[in-house]
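The next block holds one structure in the form of structure tokens; read it before the comments.
Starting from 1, each residue takes its place in the sequence as its number. In listed order, ligands and their atoms are each counted from 1.
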Amino acid sequence: MPIVKNVSRAVSQLLQSSGCGCGISIVPVRCIGVSPRQVASDASFHSVSFSDTDHPRVLITGGLGQLGVGLAKLLRKHFGKNNVILSDIRKPADNVFYSGPFIYADILDYKNLREIVVNNRITWLFHYSALLSAVGEANVPLARAVNITGLHNVLDIAAEHNLRLFVPSTIGAFGPTSPRDPTPDLCIQRPRTIYGVSKVHAELMGEYYHYRYGLDFRCLRYPGIISADSQPGGGTTDYAVQIFHDAMKTGKFQCNLKPDTRLPMMYIDDCLRATLEVMEAPAEALSMRTYNISAMSFTPEELAQEVQKHVPELQVTYNVDEVRQAIADSWPMNFDDRNARRDWGWKHDYDLPELVTTMFSFLGSDSRIAQAN
Ligand SMILES: NC(=O)C1=CN([C@@H]2O[C@H](COP(=O)(O)OP(=O)(O)OC[C@H]3O[C@@H](n4cnc5c(N)ncnc54)[C@H](O)[C@@H]3O)[C@@H](O)[C@H]2O)C=CC1
Ligand SMILES: CC(=O)[C@H](N)C(=O)O
């Protein structure tokens, strides 16, 4: 296909994707001839563009954490196994390595990341690499590097190569001065963790690149995510996953948050479906580029009661971790996601009883398989 045709299609896609509904005219980065990293506008990789009739070519960064493997599985079902590349700086387990393309990608290595995007003709990027709230407080310099410097690399590469970019944000992007019950999309955001600060920065930088350069940036603020077949990576909401494993294994669970700490939560299938849905939504449907999504809110006490319906002998004790408790006390209790529901039809499937039943049927069948082997 002639390069000229591809470039003009890319420009028209950029113009379409910049439909922010705010009436501001956008000058896409390629039209002003200089990208954020001063890459020449006629560099050869610009001749590769993604047609609407093709499947996207997907890269997931930080893909070996709690959410990335599930996301790859979902996207591979939709777009084909070889169109979705999982990446991380860790070594994948055998089952992950053999389930589809995997590549080493350190988001702090700009050239390495750019080479991967170019050589694999990536068109959509899901940027999952991060240090979460609790581990971030334990290593602020690393969290700042991964969550902020890493994001800058990803944004520049996405803008240069006309990628559609998804970056997750979090309930942790709010702080003690935000309205907490409910928390709307637009309100004061003064988080007091490096994780929260870096996520507000990501929201603002992504939106800035969208308005300034026409980058097709899309962002959802996830609640705490609960999954059966992957472990959380060091957050404040981790207790809500651990309780299921401990209930099955020992019948005893020690919770590191107070019994009445209410936080928004979501089952992983809802979270990953929302992520695909917002990426597939037509640009003109998106009145914003960063949306809250919500499913349920509960306290450790309420979760324990629901779990005890399945494991009546479960004993729950509380040994509060001051760092996590202070973080949780500054986060939303309930999330207002009316804009996501209105703009692109977001709807959750799992509430608390359904979540708990699903977790036990997954873990139950899993442990039966383990016992049989
Ligand atoms: N799991 C949850 O409850 C929530 C997650 N999110 C966001 O979703 C995204 C994915 O979350 P999880 O999978 O839970 O995170 P996780 O902590 O389980 O995984 C993060 C991954 O990033 C990788 N990573 C660290 N440094 C890296 C580097 N320099 N280059 C490349 N990769 C690097 C780690 O090896 C790890 O596999 C994160 O951005 C997180 O902030 C948002 C809200 C809730
Ligand atoms: C809600 C999140 O972003 C994460 N699970 C954390 O607790 O840090």
Side-chain angles (χ1 to χ4, degrees), residues 59-72 86-93 96 102-110 112-113 116 125-139 142-154 165-174 183 191 193-203 206 219-227 229-242 256-257 261 263-268 270-272 274-275 290 292-295 297 321 323-325 327-328 330-332 335:
L59 176 68
I60 303 170
T61 67
L64 295 185
Q66 187 190 359
L67 306 185
V69 173
L71 180 68
L86 201 56
S87 75
D88 208 300
I89 53 172
R90 294 194 277 150
K91 199 161 137 188
V96 174
F102 177 86
I103 201 162
Y104 172 88
D106 180 352
I107 57 156
L108 295 175
D109 184 343
Y110 177 79
N112 167 239
L113 197 59
I116 290 168
L125 199 158
F126 294 80
H127 177 47
Y128 268 6
S129 310
L131 261 66
L132 303 192
S133 57
V135 291
E137 289 313 290
N139 192 343
L142 184 63
R144 198 180 74 165
V146 173
N147 296 8
I148 298 180
T149 309
L151 172 90
H152 292 170
N153 289 342
V154 166
L165 173 64
F166 179 83
V167 180
S169 185
T170 160
I171 49 173
F174 298 93
T183 305
T193 58
I194 186 63
Y195 179 58
V197 168
S198 69
K199 289 294 187 178
V200 177
H201 178 74
E203 294 175 7
C219 174
L220 297 179
R221 294 192 191 103
Y222 294 163
I225 305 302
I226 298 165
S227 57
D229 59 349
S230 56
Q231 290 296 326
T236 304
T237 58
D238 293 9
Y239 89 86
V241 177
Q242 196 57 42
N256 55 21
L257 293 181
T261 310
L263 291 168
M265 300 277 186
M266 183 178 283
Y267 184 56
I268 188 167
D270 273 342
C271 164
L272 300 179
T275 304
T290 302
N292 294 349
I293 51 165
S294 176
S297 270
D321 172 328
V323 173
R324 282 184 166 85
Q325 188 64 47
I327 294 173
S330 74
W331 281 4
F335 231 18

Selection from Y239, Y222, Y195 by shortest heavy-atom distance to atom 3 (O) of ligand 2 = Y195
Atom 7 (O) of ligand 2: which protein heavy atom is closest, and how many Å away?
-> T236 N, 2.6 Å
Name the closest protein heavy atom to atom 5 (N) of ligand 2, giving the residue it belongs to and the distance to 0.1 Å.
-> T237 OG1, 2.9 Å
Any donor and acceptor pair, going by atom type alone, linking the side chain of [X] with main-chain N or O of [Y] inside 3.5 Å?
| X | Y | answer |
| --- | --- | --- |
| K199 | P168 | yes |
| S198 | Y195 | yes |
| N153 | G150 | no |
| D270 | A295 | no |

Contacting atoms of ligand 1, where contact means under 4.0 angstrom from a heavy atom of [X]:
| X | result |
| --- | --- |
| G233 | 17 (O), 18 (O) |
| S169 | 42 (C), 43 (C) |
| A105 | 30 (N), 31 (C) |
| T170 | 42 (C), 43 (C) |
| P168 | 7 (C), 8 (O), 9 (C), 39 (O) |
| D88 | 21 (C), 23 (C), 32 (N), 34 (C), 35 (O), 36 (C), 37 (O) |
| D106 | 28 (C), 29 (N), 30 (N) |

Should the proximity of [X] to ligand 1, defined as any heavy atom under 4.0 Å, be assigned to the side chain, the backbone, both, or neither?
| X | result |
| --- | --- |
| Q66 | both |
| L132 | side chain |
| S87 | neither |
| P232 | neither |

State whether the shortest distance between N or O atoms of [X] and N or O atoms of ligand 2 falls below 3.5 angstrom.
| X | result |
| --- | --- |
| D238 | no |
| S133 | yes |
| T170 | yes |

Check residues 60-69 and write down every donor-acceptor pair under 3.5 Å in which the side-chain atom is one partner and the other belongs to a residue at least two apart or another chain.
unit_1, atom_1, unit_2, atom_2, d
T61, OG1, H127, ND1, 2.8
T61, OG1, Y128, N, 3.0
T61, OG1, S129, N, 3.4
T61, OG1, S129, OG, 3.3
Q66, NE2, I225, O, 2.9
Q66, NE2, S227, OG, 3.0

Just by distance, with hydrogens left out, do T290 and E203 show a side-chain donor and acceptor under 3.5 Å apart?
-> no
Indicate yes or no: at least one non-hydrogen side-chain atom of T170 is less than 4.5 angstrom from one of R221.
-> no
May I ask you to test the R144-T149 pair for a side-chain heavy-atom distance under 4.5 Å?
-> no
Just which atoms of ligand 2 are under 4.0 Å from any heavy atom in L132?
-> 8 (O)
Using a heavy-atom cut-off of under 4.0 Å, does the side chain or the backbone of I225 touch ligand 2, or both, or neither?
-> neither
